[in-house]
Amino acid sequence: MVRGLMKFPGISTKLLNISVDSLCKFRNLEKAETLLIDGIRLGVLPDVITYNTLIKGYSRFIGIDEAYAVTRRMREAGIEPDVATYNSLISGAAKNLMLNRVLQLFDEMLHSGLSPDMWSYNTLMSCYFRLGKHGEAFRILHEDIRLAGLVPGVDTYNILLDALCKSGHTDNAIELFKHLKSRVKPELMTYNILINGLCKSRRVGSVNWMLRELRKAGYTPNAVTYTTMLKMYFKTKRIEKGLELFLKMKKEGYTFDGYANCAVVSALIKTGRAEEAYGCMNELVRSGTRSQDIVSYNTLLNMYFKDGNLDAVDDLLEEIEMKGLKPDDYTHTIIVNGLLKIGHTGGAEKHLARIGEMGMQPSIATCNCLIDGLCKAGHVDRAMRLFASMEVRDEFTYTSVVHNLCKDGRLVCASKLLLSCYNKGMKIPSSARRAVLSGLRETVSHQAARKTHFKIKAAIECNALIYP
DNA sequence: GTAGGGTTAG
């Protein structure tokens with residue numbers, strides 16, 4: 001290909017850049033490097049764009065250090081990094097929430113006489129938001145950006161709106177939306193961000209209002225809009241309504257990426273409709289649009305486990321390995337849970353150990369499943385040992401342990417744990433409290449139940465004072 | 001750089 005480029009001097013570097021970009025997009029960094037070397041050999045010299053493209057690829061798929069190493073190579077070639085170079089590096093660091101690295105790159109950029117642009121600041125703000133440092137993010141918006149003489153664009157507002165929604169400030173997001181319309185034109189993405197936030201906080205009326213706003217602005221809902229709505233229906237147990245929307249999407253000719261399908265399949269599996277789930281998955285495979293990412297594989301894996309189709313499970317695990325996909329926390333949780341469901345408690349425990357051997361920390365969800373499964377199989381002591389070894393626990397952990405301890409007659413232990421939840425201000429379903437109180441009444445005494453009841457009440461009131 | 005999909009308790 002590079003030999004061909006030689007016939008077109010002048011545009012050859014441009015073509016080289018396009019080729020490097022396309023190879024990088026498909027994670028093929030090795031080939032991109034080969035192309036670069038071939039080019040130099042034949043006199044097609046890389047420019048700043050070539051190197052920036054390569055850096056973007058490294059920081060997205062390989063690592064920030066590898067990406068940074070390319071800046072040395074470009075300097076050696078006599079090409080100075082520009083703002084785009086730093087933006088690619090910063091976004092790679094921000095993606096991994098490496099705040100110190102992001103700030104260090106910002107400093108370095110300033111020291112080399114470059115001024116961060118709106119893109120740099122957007123990335124920095126989004127990093128602060130995702131780390132929960134909202135104050136810092138707003139300081140960037142109100143001070144740094146203004147001092148730099150830059151004007152926030154619609155993408156800046158998208159980041160702000162998403163952060164507000166995801167931190168539970170949906171009302172502030174709506175207020176901001178009303179104000180921003182005088183400054184920038186909202187994009188379809190802007191509406192989708194808001195619809196997603198409203199769906200997650202189950203504000204159906206506002207969702208419909210936002211959908212009308214979306215159309216009023218001349219947009220048509222896209223696959224993202226619909227998938228967001230699908231999820232809301234499934235989460236509020238309106239399976240039929242969700243399936244209706246799914247059919248409507250298909251009739252309107254939306255091309256399916258895996259997103260909507262995964263949501264539908266998992267909803268069907270959760271409600272025991274395995275046959276329809278298989279149908280949905282097969283359709284995706286037939287149409288050739290089955291996406292090859294780990295999420296789709298997790299969905300399939302869960303489906304086969306829940307259906308007891310263990311041969312398919314084996315084949316799929318093999319396929320994941322062959323494709324070089326990296327199992328994630330979800331994969332491990334599905335496997336552990338699947339093994340427990342078929343009565344393989346030992347296998348599930350072994351799998352948890354294997355996660356550690358692979359140098360990973362098992363997720364809370366994975367441990368929760370194992371704890372619950374061990375209890376249900378009658379191994380409460382083994383479960384409690386795992387519980388004790390966990391550094392972080394969530395409401396699932398406690399709910400499951402409290403219920404299982406009650407079932408096992410260990411009411412003193414159960415009520416102690418339940419109280420610790422209330423003292424921490426942790427949200428715990430009322431069914432756990434009922435299980436403890438009625439257990440105490442039946443197996444200990446009415447008085448013990450009453451005492452615990454008052455302690456719980458006191459803890460709730462205390463928390464109401466702390467977090468009004 | 002910013003939007004949608006996958007796991008666990010009752």
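Keep in mind that what you see is a predicted model, and the values were worked out from it rather than measured. The chains referred to below are lettered A, B, ... by the order of the sequence lines, with proteins before strands, and numbering in each begins at 1. Any value given below was found using the heavy atoms of this structure, including those in side chains, with hydrogens, waters and symmetry copies removed.
At B/dG4, one or more side-chain N or O atoms of A/Lys166 fall inside 4.0 Å of OP1 or OP2 (strictly under the cut-off). Residue A/Thr227 has no polar side-chain atom (N or O) positioned under 4.0 Å from OP1 or OP2 of B/dG5.
The side chain of A/Ile334 lies closest to B/dT7 when the candidates are B/dG4, B/dA3, B/dT7. Listed nucleotides: B/dT8, B/dG1, B/dG4. Nearest to the side chain of A/Asp155: B/dG1. Of all nucleotides listed (B/dG10, B/dG1, B/dT8), B/dG10 comes nearest to the side chain of A/Lys407.
Among the atoms of the strands shown, only primed sugar atoms or phosphate atoms (P, OP1, OP2) are found under 4.0 Å from some heavy atom of A/Lys270. Nucleic acid contact class of A/Lys306 (heavy atoms, under 4.0 Å, all strands): sugar-phosphate only. Within 4.0 Å of A/Thr123, counting heavy atoms only, lie sugar-phosphate atoms of the nucleic acid but no base atom.
An aromatic stack links A/Tyr259 and the base of B/dG4, using centre distance under 5.5 Å and interplanar angle under 30°.
In terms of polar N and O atoms assigned as donor or acceptor, the side chain of A/Asn87 never comes within less than 3.5 Å of the base of B/dG1 in a complementary pairing. Within 3.5 Å, no donor on the side chain of A/Ser400 pairs with an acceptor on the base of B/dA9, nor the reverse. The base of B/dG5 sits within donor-acceptor range of the side chain of A/Ser296, with an N or O pair under 3.5 Å.
When each of A/Val412, A/Val380, A/Val436 is tested with A/Leu405 by the rule side-chain contact (heavy atoms from CB on, under 4.5 Å), just one qualifies, namely A/Val380.
The shortest distance between side-chain heavy atoms of A/Phe106 and A/Tyr121 falls below 4.5 Å.
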